[in-house]
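Below you'll find the structure, written out as structure tokens, and then a few comments.
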There are 2 protein chains.
Amino acid sequence: MPDSHYGQPRYRAIANDLRRRILSGALPQGALLPAESSLTVELRASRGTIRQALAILREEGLIITEHGRGTYTNPNISGRDQLAKLETRRRLVPADQELASLFAIEVGAALVEQQRIMRTGGVTEEVVRSYQLPLVADDT
Amino acid sequence: MPDSHYGQPRYRAIANDLRRRILSGALPQGALLPAESSLTVELRASRGTIRQALAILREEGLIITEHGRGTYTNPNISGRDQLAKLETRRRLVPADQELASLFAIEVGAALVEQQRIMRTGGVTEEVVRSYQLPLVADDT
DNA sequence: AGAAATTTGTCCGTATGTATC
DNA sequence: AGATACATACGGACAAATTTC
């Protein structure tokens, strides 16, 4: 049965579980995770669901998977998980003179700013800010 | 049958197909894609495979999916994927408060700013500014 | 070197839950 | 309320890469 998911899909709960294991140190850096087939038994989920959970952690850079070998925890996760969350931010900012000119809007008009922070070992390497015109959602 | 994939997984070929349709304009910006169930028929793949393909395009920001509604092409693309001819500029700028905090430098200290302007037909779609610490010759 | 076992990758079909029209 | 569409989940099958014996 597809379970009554929603509110918290199974694969997300599993991802959270595994993420805790990694960040808590229960799974040391570079450690090999149990095989997907083992996780299906341990976590009582189908392999597809397990793989969905692993895909999340892979996206977050917490794990690395190699075909035929297995899945490891990323050997260098110096940055906390919270950092990853703060990596990107999206907000409305007033256009400065140059942006206003480029977008052909008035100075001070709202622009969507997306900021991404790239760190290495906790050190900020680069900050990227992209600006776009806000989407105007029209009603029906 | 799991088909003889590999060399080019099915979901990737499908993603490429759909990406072409979008970038070529066959699927205009904001257009509603056929339902996943329709794509299974048209592209002869299971829904899971179709969804894998859509996940790629979603990741690329080419499409937007809404539960119960459908999947659209992103109303404002073109700023990202292709589109060469981007104007770039590089200069030193004083760090604002946030940048100073992120780079652990003082407010007003110099940062290298690289600005790229993405246009489509003369219209500015996106402005990207990246900030880095200036390179300084230091000892080892 | 080679065969077998292990592990991840891909794909299918089906069923059910939830959101939207 | 019904139809449509996306989301989640299961189980099975085979392909490909890696490791082990």
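For clarity, every value in this text was computed on a predicted model and none was experimentally measured. Below, chain A is the first sequence line, B the second, and so on; all start at residue 1.
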Glu36(B) has an atom CD; how far is it from atom P of dT8(D), in whole Å? 11 Å

Give the rounded distance in Å between these two atoms: CD of Gln8(B) and P of dA16(D). 14 Å

When you get a sec, tell me which of dA9(D), dC11(C), dT8(C) is the closest nucleotide to the side chain of Ala35(A)? dT8(C)

Within the structure provided, determine whether Tyr131(B) and Val112(B) are in side-chain contact (heavy-atom separation under 4.5 Å). no

Looking at the base of dA16(D), is there any donor atom on it, or on the side chain of His67(A), that sits under 3.5 Å from an acceptor on the other one? yes

Starting from P on dT7(C), measure out to CG on Leu54(A) and report it in whole angstrom. 14 Å

Taking only the side-chain heavy atoms of Pro9(B) (C-beta and beyond), determine which of dC11(C), dT8(D), dT8(C) contains the nearest atom. dC11(C)

Would one find a side-chain N or O of Arg10(B) under 4.0 angstrom from OP1 or OP2 of dC12(C)? yes

Measure the shortest side-chain to side-chain distance between Thr71(A) and Ile64(A) over non-hydrogen atoms and say whether it is less than 4.5 angstrom. no

DNA chain D nearest-nucleotide lookup for Gly68(A) and Glu66(B): closer to the 5′ end is Glu66(B)

In whole Å, I'd like the distance from the CG atom of Leu39(A) to the P atom of dT6(C). 16 Å

Do Glu66(B) and Arg58(B) sit within salt-bridge range, that is, some charged N less than 4.0 Å from a carboxylate O? no

Atom-pair distance (CD1 on Ile14(A); C1' on dT8(D)), nearest Å: 12 Å

Below 4.5 Å, heavy atoms only, C-beta onward: do Ile50(A) and Ile14(A) meet side chain to side chain? yes

When you compare the side chain of Leu62(A) with that of Leu23(A), does any pair of heavy atoms fall below 4.5 Å? yes

Look at the side-chain N and O atoms of Tyr11(A) and state whether any lies under 4.0 Å from the OP1 or OP2 oxygen of dA9(D). no

Whole-Å distance separating the CD1 atom of Ile50(B) from the P atom of dT8(D): 17 Å

Short of 4.0 Å, heavy atom to strand atom, which residues of residues 42-49 of chain A count as contacting DNA chain D? Arg44(A), Ala45(A), Ser46(A), Arg47(A), Thr49(A)

With a 4.5 Å heavy-atom cut-off, do Leu92(A) and Leu111(A) have their side chains touching? no

Interatomic distance, Arg51(B) CZ vs dC12(C) C1' [rounded to whole Å]: 15 Å

Value in whole Å for how far the C1' atom of dA9(D) lies from CZ of Arg12(A): 15 Å

Without hydrogens or angle criteria, can the side chains of Thr49(A) and Ser46(A) be said to hold a donor-acceptor pair below 3.5 Å? yes

